[in-house]
Peer 1: 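My questions all concern the structure below.
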Amino acid sequence: MHLKYIKEIIKADVLAYEPGLELEINTAFGSDLMSDVLAYVEDDTLLITGLTNQQVIRTAEMLDLKAILFVRGKKPCNEMISLAEDKKILLMSTKESLFTVSGILYNNGLRGISI
Amino acid sequence: MNTYMKNESNVAMKLHYDISKDDFSRAGEASSKIKNMLRQLAIEANILRRIAIATYEAEINLVIHSLGGTIDVYIKPDCIEIYVEDVGPGIENIELAMTKGFSTATAVAREMGFGAGMGLPNMEKVSDEFIIESTIGVGTQIKMVVTY
Ligand SMILES: Nc1ncnc2c1ncn2[C@@H]1O[C@H](COP(=O)(O)OP(=O)(O)OP(=O)(O)O)[C@@H](O)[C@H]1O
Ligand SMILES: [Mg+2]
């Protein structure tokens, strides 16, 4: 699914690396536990999380993830934004909760990873 | 069972990083540097990912659980060897520590997104060879090998 399309259907704000909107992801994974993300997530997955600290960006970097969506209106700090720009990771934010945003994306055809 | 020992044969290049305890702001920097260095050596993406997961989980464990330690990466013609050593406090029950979901992570570590109890099992999963040894009051040593 096109990240630009995802941004539109959930009305997300773009916080870092806007060129990433042109890319596509195949699946999504929602979690605030970074080791679960590291254990289960494969390539081309959208990470959906309510956690906003440097380790989220580092985790995405380790897994070559292209995009992170922050829920519940969480906004990363400037340091995180510049690290994401540096690593070419698209950061978006939505006011919706993890559950709601996942439901909307699922309804639009996006699926989770297989565990 | 294999015992922890650095294998000095056929090392093409060595990388060394010191990891400080509780240094959350820099946690992940060593793994990032390792990943970038290995990428420049044109190591395949899938291998790179496994190494990145192994080093990052190890680095975070050093920051949140240990009194400080080191990560050494040996780049070899057929594999990458990762050696993780710390100066304590040691792990009392390794079998328990290796169990998915077991964690003694503090509230601070949990706020950072850690404490799922998945790090060690995941390090073992991504490694072709995994050795962990620990002595209470002395420290923990982990060897991980990822073969190309
Ligand atoms: N270097 C270490 N020194 C001392 N204890 C350790 C060390 N590494 C791991 N442990 C112990 O082993 C437990 C399990 O480690 P593991 O990495 O699997 O999970 P975690 O770090 O608690 O959570 P996660 O890795 O999922 O964020 C830890 O909670 C801790 O008690
Ligand atoms: Mg851990």
Side-chain angles (χ1 to χ4, degrees), chain A residues 16-17 23 25-27 29-66 68-72 74-89 91 98 113-115, chain B residues 19 22-36 38-39 43-61 63-65 82 97-103 105 108-127 146:
Chain A
Y17 197 62
L23 302 173
I25 46 100
N26 295 325
T27 51
F29 187 80
S31 179
D32 288 354
L33 294 169
M34 290 305 111
S35 288
D36 271 347
V37 176
L38 287 157
Y40 296 118
V41 169
E42 300 278 325
D43 270 346
D44 295 336
T45 299
L46 171 68
L47 173 58
I48 311 176
T49 184
L51 197 70
T52 45
N53 64 56
Q54 205 87 341
Q55 300 316 318
V56 180
I57 315 287
R58 286 290 181 207
T59 299
E61 179 194 356
M62 293 305 140
L63 296 171
D64 300 319
L65 302 185
K66 297 166 187 156
I68 304 170
L69 171 63
F70 298 105
V71 295
R72 308 191 289 274
K74 296 279 171 72
K75 295 266 159 85
C77 63
N78 291 339
E79 229 183 328
M80 280 178 71
I81 289 172
S82 59
L83 184 62
E85 290 283 352
D86 201 38
K87 303 295 173 189
K88 298 188 166 58
I89 299 168
L91 301 186
L98 180 61
I113 59 169
S114 46
I115 301 266
Chain B
I19 314 296
D22 294 331
D23 191 352
F24 290 102
S25 64
R26 296 192 56 201
E29 267 185 35
S31 305
S32 176
K33 284 181 189 154
I34 292 167
K35 191 174 184 195
N36 286 335
L38 296 180
R39 186 186 281 124
I43 288 171
E44 192 216 315
N46 184 41
I47 300 287
L48 210 58
R49 235 174 107 82
R50 286 166 56 199
I51 295 163
I53 291 169
T55 56
Y56 184 56
E57 289 286 10
E59 184 176 0
I60 296 293
N61 277 358
V63 174
I64 69 178
H65 302 300
I82 303 154
M98 291 299 301
T99 309
K100 280 186 185 175
F102 175 83
S103 175
V108 185
R110 286 175 198 275
E111 269 168 34
M112 302 297 295
F114 292 91
M118 291 298 291
L120 287 174
N122 201 19
M123 284 154 69
E124 184 176 36
K125 190 184 94 183
V126 298
S127 303
V146 177

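Just so you know, these numbers use all the heavy atoms, side chains as well, and skip hydrogens, waters and symmetry mates. This is a predicted model, so every value here is computed, not measured. Letters A, B, ... are given to chains in the order of the sequence lines, protein chains preceding strands, and every chain is numbered from 1.
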Peer 1: Taking side chain as everything from C-beta outward and backbone as N, CA, C, O, which of these in B/Asn36 sits under 4.5 Å from a heavy atom of chain A? Side chain, backbone, both or neither.
Peer 2: side chain

Peer 1: Looking at A/Glu79, A/Lys87, A/Glu42, which one has more heavy-atom pairs under 4.5 Å with chain B than the rest?
Peer 2: A/Glu42

Peer 1: What's the shortest heavy-atom distance between B/Gly113 and A/Leu51, and which atoms?
Peer 2: CA-CD2, 3.4 Å

Peer 1: Side chain, backbone, both or neither: which part of B/Arg26 has an atom under 4.5 Å from a heavy atom of chain A?
Peer 2: neither

Peer 1: With a strict 4.5 Å heavy-atom criterion, list every residue of residues 52-65 of chain A that contacts chain B, or say none.
Peer 2: A/Asn53, A/Gln55, A/Arg58, A/Thr59, A/Glu61, A/Met62, A/Leu63, A/Asp64

Peer 1: To the nearest 0.5 Å, what is the distance between CG (A/Leu38) and CZ (B/Arg49)?
Peer 2: 9.5 Å

Peer 1: Less than 4.5 Å to any heavy atom of chain A: does that hold for the side chain of B/Glu29, its backbone, both, or neither?
Peer 2: both

Peer 1: Measuring heavy-atom distances to chain A, does B/Leu48 have an atom under 4.5 Å in its side chain, in its backbone, in both, or in neither?
Peer 2: neither

Peer 1: Measure across B/Lys125 and A/Ala39 and return the closest heavy-atom pair with its distance rounded to 0.1 Å.
Peer 2: NZ-O, 2.9 Å

Peer 1: Supply the atom-to-atom distance B/Asn61 CG to A/Ser35 OG, rounded to the nearest 0.5 angstrom.
Peer 2: 7.5 Å

Peer 1: Between B/Ala116 and A/Asp36, what is the shortest heavy-atom contact and its length?
Peer 2: CB-OD1, 4.2 Å

